[in-house]
Amino acid sequence: MAFLQIAEPGQSAAPHQHRLAVGIDLGTTHSLVASVRSGTAEVLSDAAGRSLLPSVVRYAADGEVEVGWQARDGAAKDPHNTIVSVKRFMGRGLADIAEAASLPYQFIEAPGMVRLKTVAGELTPVEVSAEILKVLRQRAEESLGGELSGAVITVPAYFDDAQRQATKDAARLAGINVLRLLNEPTAAAIAYGLDNASEGIYCVYDLGGGTFDLSILRLTRGVFEVLATCGDSALGGDDFDRCIFNWLLDILKLTALGPEDSRQLLTEARLAKERLTDLGVTEISCELTGGTLVNAILSREVFFELTQPLIAKTFSPVRRALRDAGLQVEEVQGVVLVGGATRMLHLRAAVGEFFFREPLTNLDPDKVVALGAAIQANALAGNHGGDDLLLLDVIPLSLGLETMGGLCEKVIPRNSTIPCARAQDFTTFKDGQTAMSFQVVQGERELVSECRLLARFELRGIPPMVAGAARIRVTFQVDADGLLSVSAREQTRGVESRVTVKPSYGLTDAEVAGMLSAGISNAEYDKRMRALREAQVEARRLLDATETAMAENGHELLSKPEWDAIWRKIYELAEMLLLGDSNRLDSLRQCTEALNTSTSIFAGRRMDASIHRALSGKQIESIDL
Amino acid sequence: MLRRAVAAVKVSPFNTMKYLNSSNYFEMFGLAPCFAIDMQGLELSYRRLQSELHPDRYASKNEDERHMALANSTTVNDGYRALRSSASRAQCLISLAGWEKSNVALSSAFLMAQMEWREAIEEARASMDAAALEALGRRLKHRVVQHERELASALDERSDFDAAARYVNEFKFYEKLRDEIDDALIGLDH
């Protein structure tokens with residue numbers, strides 16, 4: 001492509017194409033997918049008209065994988081192979097999962113992230129999550145009638161780097177192009193803010209199935225600026241179920257339940273919790289495997305008392321976020337409730353009391369995150385109507401390096417607006433030292449051992465110098481997804497050695513690639529999509545270049561028939577691009593080639609003209625050949 | 001002034017995007033280089049720049065442009081952070097003036113006062129007295145406001161960079177005290 005060297009990239013000749021982009025709320029208990037259609041965000045339903053997809057995956061011995069309602073209904077029968085609330089294990093080690101002992105799974109400790117032993121073999125939480133995402137992708141493609149160009153996937157604001165990276169990998173595994181990872185409370189704020197045309201300081205209180213997030217935002221004419229975020233990535237609606245579960249064990253003197261019974265009793269506990277939103281008293285009754293009958297009456301008052309400590313626990317992150325944002329509680333103009341768990345009446349009352357105002361609940365707390373994500377996806381895909389929306393989000397946890405004595409030196413403090421970069425200089429402590437190792441950590445504690453280790457890397461090739469003379473600059477860059485990359489470089493004596501790491505959590509790129517190719521059909525599909533995307537990019541690039549070149553000196557270098565012939569090819573290719581059909585890969589390539597060929601004479605003349613321009617006015621001897 | 005600076009980095013989709021020059025944050029945000037800046041003007045200018053340069057605006061563009069958007073948006077965030085806080089804004093002005101570090105030693109009176117602050121915080125923390133910590137926080141806030149006034153006078157009225165550098169140095173102590181009070185309050189929460 002001769003044009004690329006001489007033409008400035010401009011805008012494509014293709015009339016604006018509507019790209020299919022969706023927002024996915026990959027939740028602990030439920031997942032949803034939403035999209036913007038004719039200007040409004042809506043949640044996409046399955047064939048039975050249900051919008052929620054339970055985040056439950058069941059593996060069968062014959063290799064069959066069930067996801068959703070069916071899997072959830074089978075959870076009690078086959079607890080070992082039915083993975084519920086997998087989000088709690090994303091990017092986590094066994095030690096991070098406090099309730100591991102009471103769960104019916106066979107966990108296997110692996111570096112960085114746990115694995116689960118099932119009849120389908122050892123699985124990572126990433127693979128399990130990918131099954132949920134695949135179902136959502138399929139639902140979206142069926143109801144939108146085409147291949148997805150990309151998705152915005154939401155994560156709890158308080159997710160650390162490992163949890164975010166794991167989520168992105170799961171999407172990759174499901175064949176989804178991730179446009180952006182978006183924090184759940186921010187997504188909710190978008191849906192609310194745009195819906196109610198709000199301005200000012202808003203708090204989003206998001207209690208999901210397994211995570212709690214609190215974000216404080218300033219809304220100003222389409223700009224959503226997160227001022228602070230805080231939370232607890234191990235506190236959610238599930239814990240309220242567990243409270244009832246433990247209460248049942250206690251009053252009924254049940255001990256040593258098997259996994260089937262545990263699962264069943266947990267389900268009964270959840271249902272009782274949900275019933276108490278509408279009823280003052282509810283009955284829990286079921287039969288356990290050994291024939292033991294469970295019968296109990298639970299009143300709202302007892303439930304409230306049992307779970308009050310959990311609610312109280314949410315307010316400590318709220319206070320911290322307010323403090324970080326430098327705000328008083330009175331300055332908050334509205335509180336938005338997100339997540340199914342915020343339906344609980346005593347929680348609503350407690351939030352209202354804390355903020356001195358009734359929380360906003362006019363959007364469905366289950367759907368609001370997916371809706372916000374869909375709006376953001378639409379904007380990122382470049383579709384019409386997204387130009388006036390801008391999100392300025394923050395990182396939830398400080399990022400730092402280990403220094404001498406196991407202390408943590410913060411490089412980027414929590415609540416820094418992303419994208420951001422910060423550099424810090426370090427030096428050698430021994431004469432002639434030529435290598436240095438670094439540990440990258442995330443967290444608020446002073447001691448490295450109490451923070452999360454994200455990566456370990458070594459910088460080699462430092463020129464030998466006396467101790468303290470070398471200057472090693474370590475740069476942290478956090479991108480708009482909140483993902484970190486780190487590079488280090490020795491700066492004295494002009495010798496540069498450079499290393500860049502992406503923090504890992506136990507899954508290497510090679511492992512992810514291995515998982516990708518494991519599913520042949522998936523890999524085939526991916527390959528086809530990738531080829532198509534490449535061809536589209538190529539076509540767009542050629543269109544841009546040709547158009548710009550034509551505008552620049554087409555009139556002066558081309559005859560009228562030549563000019564018309566090239567424009568004909570431009571229109572043909574632009575039209576082809578607009579169809580965006582994956583089966584048309586060959587014709588897209590042909591069309592691109594045809595345009596390329598038709599411009600070869602023009603490209604040659606432009607090259608001559610530019611050489612001529614460069615040479616004119618110069619003495620021949622001044623030209624360095 | 002503000003309009004001009006924003007226009008200078010306005011990115012037209014028809015031109016190749018350029019890396020933002022980050023040598024002078026005041027210029028980047030279209031502000032006159034002084035300590036007492038118009039905070040609302042800064043915020044407005046910040047949002048306008050990010051509206052143009054944020055990676056979200058380039059999500060469907062090629063890799064080079066996405067990379068540039070990441071770099072530019074990072075620079076704008078960095079500048080915003082630097083100008084928003086008093087201490088770093090003052091430091092920016094001192095650096096812009098080309099003032100070289102000489103003697104920024106802290107007075108013994110200042111250090112004594114620091115010791116007292118620290119003891120008071122420690123005492124309140126030990127006796128788990130949230131109200132006392134809140135009161136210390138308010139007192140500190142008041143002190144910081146006074147300090148900002150002194151800094152403004154040194155930089156904007158007297159161009160006394162020696163004094164300004166010392167005030168900036170002292171500011172770091174106040175920031176540290178504020179962190180300590182916050183940490184103590186968070187500690188009481190648990």
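Numbered from 1 within each chain, the chains take letters A, B, ... in sequence-line order. Atoms considered below: every heavy atom in the structure, side chains included; atoms not considered: hydrogens, waters and symmetry mates.
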Enquirer: Taking A:Leu380, A:Leu179, A:Leu391, A:Val223 one by one, which has the highest count of heavy-atom pairs under 4.5 Å against chain B?
Expert: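 That would be A:Leu380.
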Enquirer: Answer with side chain, backbone, both or neither: which region of A:Glu444 has an atom nearer than 4.5 Å to a non-hydrogen atom of chain B?
Expert: neither
Enquirer: Is B:Asn77 close to chain A through its backbone or its side chain, or both, or neither, when contacts mean heavy atoms under 4.5 Å?
Expert: side chain
Enquirer: Fit a plane to each ring of B:Phe29 and B:Tyr46, take the angle between them on a 0 to 90° scale, and name the class: parallel (under 30°), tilted (30 to 60°) or perpendicular (over 60°).
Expert: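 Aromatic pair B:Phe29/B:Tyr46 classed tilted.
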Enquirer: Do the non-hydrogen side-chain atoms of A:Leu148 and A:Leu20 ever get within less than 4.5 Å of each other?
Expert: yes
Enquirer: For B:Asp78, is it the side chain, the backbone, both or neither that has a heavy atom under 4.5 Å from a heavy atom of chain A?
Expert: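 For B:Asp78, the side chain is the part near chain A, not the backbone.
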Enquirer: Non-hydrogen atoms of chain A under 4.5 Å away: do they reach the side chain of B:Arg47, the backbone, both or neither?
Expert: both
Enquirer: Compute both the distance and the angle, then confirm whether B:Arg139 meets the cation-pi test with B:Trp117: under 6.0 Å from the six-membered ring centre, within 45 degrees of the axis.
Expert: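 Yes, B:Arg139 lies over the aromatic ring of B:Trp117.
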Enquirer: Will you find, in the side chains of B:Gln146 and B:Arg149, an N or O donor that is under 3.5 Å from an N or O acceptor?
Expert: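 Absent: no donor and acceptor within the cut-off.
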Enquirer: Taking the side chain as every heavy atom from C-beta outward, state whether A:Arg320 and A:Arg414 have any atom pair closer than 4.5 Å.
Expert: yes
